[in-house]
Amino acid sequence: MIRLEGIYKRFGSLEVLKGINLSVEKGEVVCIIGPSGSGKSTLLRSLNHLEKITGGRIFINNELICDRKDDKSIFKPSQYRISKACPKIGMVFQRFNLFPHMTVLENIMLAPKVVKKTPQNSAREYAIHLLDKVGLNDKWDVYPPKLSGGQQQRVAIARALAMRPEIMLFDEPTSALDPELVAEVLEVMSSLALEGMTMLVVTHEMGFAKEVADRVVFMDNGEVIEENTPESLFANPVKVRTKAFLSKII
Amino acid sequence: MSDRMVRIVQILTDSFLPLLKAGIQFTVPLTILSFFFGVAIAFVVAIVKILEIKPFAVIARFYVWIIRGTPLLVQLFIIFYGLPSAGITLGALTSAVIGFSLSVGAYGSEIIRGAIRSISEGQWEAAHALGMSKVQTLRHVILPQAIRVAIPPLSNSFISLVKDTSLAAAITVTEMFQVAQQITARTYEPLWLYTEAAVIYLIFCSGLAVLQSRMELRFGRHLAK
């Protein structure tokens with residue numbers, strides 16, 4: 001469903017991604033782990049154009065949607081092509097990024113109404129369904145700043161799901177949460193995975209990776225060092241750098 | 001001594017209504033009209049700059065640079081006394097409104113731009129990830145939050161404008177300061193009369209400051225502190 005070929009990204013003189021090759025199949029849950037500065041978030045963000053890659057090709061559903069070299073586009077598909085070919089990609093951020101001036105329900109309904117012109121009633125109905133799914137249906141008229149971090153992140157997941165994405169990107173979804181609030185978010189993510197959502201998760205939660213991921217990718221210094229099933233990677237890391245990283249956190 | 005005080009009290013009471021009348025007839029409408037047009041200009045300029053709409057962004061930058069770099073009084077003189085020789089003759093009040101609007105537009109655009117930029121990048125990113133365009137994001141996510149941030153500095157501009165309207169006296173608008181000047185010319189009590197005018201300005205501005213607090217409360221209702 002997603003195929004990344006030779007992804008390079010540099011910020012000025014700093015090379016953050018050095019030729020990443022990665023693919024994610026439909027329904028797969030792939031966790032990306034690694035030390036900070038390894039480029040994991042940058043990689044994730046280049047999938048929905050929050051970062052513009054310097055070089056490389058991005059395929060979504062086998063459709064080439066981005067082809068760049070030396071910071072210039074070699075092939076730029078039309079917007080029409082992108083919107084036709086690209087299944088929706090949803091994203092959940094480390095700092096939630098909920099809209100503080102709207103209630104929880106309004107947060108979830110906004111994009112469908114504005115982007116897809118979904119009528120108020122259907123948008124509301126689906127929003128309530130999603131809130132129920134993440135276990136927050138009694139908070140529909142609350143403003144985000146009043147919620148705990150775990151609750152806010154669950155709302156953020158519901159908000160992303162409202163656009164009915166086929167791929168969900170998670171950028172360190174629990175890193176900004178107090179430890180006791182992490183579980184409720186991971187629970188929602190696990191059930192999403194069980195439903196067959198294609199997920200790409202940058203995380204430090206090794207427990208989650210072990211339980212839920214189909215594949216774990218270890219990145220360091222802008223490169224993919226090793227990737228394998230969680231059982232294999234955690235139990236028998238092959239590369240030295242992988243071993244060093246894992247020994248520090250497990 | 002006491003005779004003089006009686007005379008002064010007489011002058012003050014006699015002049016109060018004319019001053020107030022000029023204030024209500026000119027100062028207040030001038031301020032409100034100019035601020036209204038000025039904020040409209042400010043919004044357009046700020047958005048043009050934020051979204052980098054070429055070629056308007058260049059014009060916007062030039063406009064802000066000129067207005068902020070030249071004295072308001074000089075701008076008013078150029079419009080009222082200078083333009084006629086280029087074939088454009090405008091009335092005093094019209095010139096005043098145009099001059100003040102352009103001024104509010106320039107400074108206001110920087111206030112609005114600053115307010116928009118103060119909204120965290122994450123808000124733009126979340127909206128982008130949800131498929132919203134820049135315009136949709138501005139409209140539904142950013143501007144509602146930016147307005148709250150912009151209220152104190154914009155209120156400041158408004159209160160400043162009330163006082164700046166006194167400059168219209170220099171281009172023959174008989175607003176409150178001009179009337180104070182006229183009465184002074186008759187009665188030779190500049191200290192008392194200009195102070196009286198100042199007090200009336202103070203009353204206007206104090207009322208506006210109260211309004212500002214109310215607005216800050218109303219717009220800041222739901223947002224995190």
Side-chain angles (χ1 to χ4, degrees), chain A residues 41 44-45 47-52 79 82-83 86-104 106-118 141-147 152-153 155-165 167-171 176, chain B residues 39 42-43 46-47 50-54 57 111-155 212-225:
Chain A
S41 286
L44 205 73
R45 289 157 60 90
L47 279 167
N48 61 359
H49 299 110
L50 282 175
E51 305 284 355
K52 217 172 191 168
Q79 271 305 116
I82 294 184
S83 51
C86 268
K88 285 283 184 300
I89 302 181
M91 187 161 193
V92 174
F93 299 85
Q94 183 175 350
R95 300 212 176 267
F96 337 131
N97 292 334
L98 291 178
F99 308 135
H101 59 297
M102 300 177 151
T103 62
V104 160
E106 286 165 352
N107 258 272
I108 302 174
M109 291 195 295
L110 181 68
K113 277 166 61 177
V114 167
V115 180
K116 300 213 278 200
K117 314 277 187 247
T118 310
D141 61 346
V142 176
Y143 286 89
K146 294 256 178 2
L147 298 170
Q152 289 192 51
Q153 195 62 299
V155 172
I157 295 175
R159 182 178 65 170
L161 290 173
M163 290 297 279
R164 304 184 195 254
I167 301 171
M168 281 284 276
L169 305 176
F170 292 83
D171 190 358
Chain B
V39 170
F43 254 107
I47 291 176
I50 292 260
L51 295 179
E52 296 266 334
I53 305 176
K54 317 228 162 59
I111 290 173
I112 293 173
R113 219 168 57 89
I116 291 175
R117 283 169 58 109
S118 76
I119 306 302
S120 83
E121 186 74 21
Q123 294 286 297
W124 289 94
E125 293 187 347
H128 171 93
L130 289 166
M132 291 169 68
S133 71
K134 287 226 166 89
V135 174
Q136 289 169 333
T137 308
L138 259 178
R139 176 160 166 223
H140 297 279
V141 176
I142 305 293
L143 282 178
Q145 297 182 62
I147 287 179
R148 174 204 176 222
V149 175
I151 286 180
L154 279 179
S155 307
Q212 174 185 341
S213 307
R214 295 259 207 89
M215 281 186 78
E216 283 180 31
L217 274 171
R218 188 220 174 275
F219 280 93
R221 245 187 342 206
H222 309 301
L223 291 139
K225 295 200 204 307

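Everything numeric here is computed off the predicted structure, so don't read it as measured data. Per chain, numbering begins at 1; letters A, B, ... match sequence-line order.
- With sequence neighbours left out, the side-chain contact (heavy atoms from CB on, under 4.5 Å) criterion links B:A57 to B:V48.
- The choice from B:S120, B:A129, B:S133 that makes the most heavy-atom pairs within less than 4.5 Å of chain A is B:A129.
- For A:R159, the parts sitting under 4.5 Å from any heavy atom of chain B are the backbone and the side chain alike.
- The closest donor-acceptor contact from the side chain of B:Q123 to the backbone of A:L98 lies under 3.5 Å.
- When heavy atoms are compared at a cutoff of 4.5 Å, B:H140 approaches chain A by way of both its backbone and its side chain.
- Distance alone, capped at 3.5 Å, is enough to place a donor-acceptor pair between the A:Q153 side chain and the A:F93 backbone.
- No side-chain donor-acceptor contact under 3.5 Å links B:S155 to the backbone of B:Q212.
- The most heavy-atom pairs under 4.5 Å with chain A, out of B:R139, B:Q136, B:M132, B:E125, come from B:E125.
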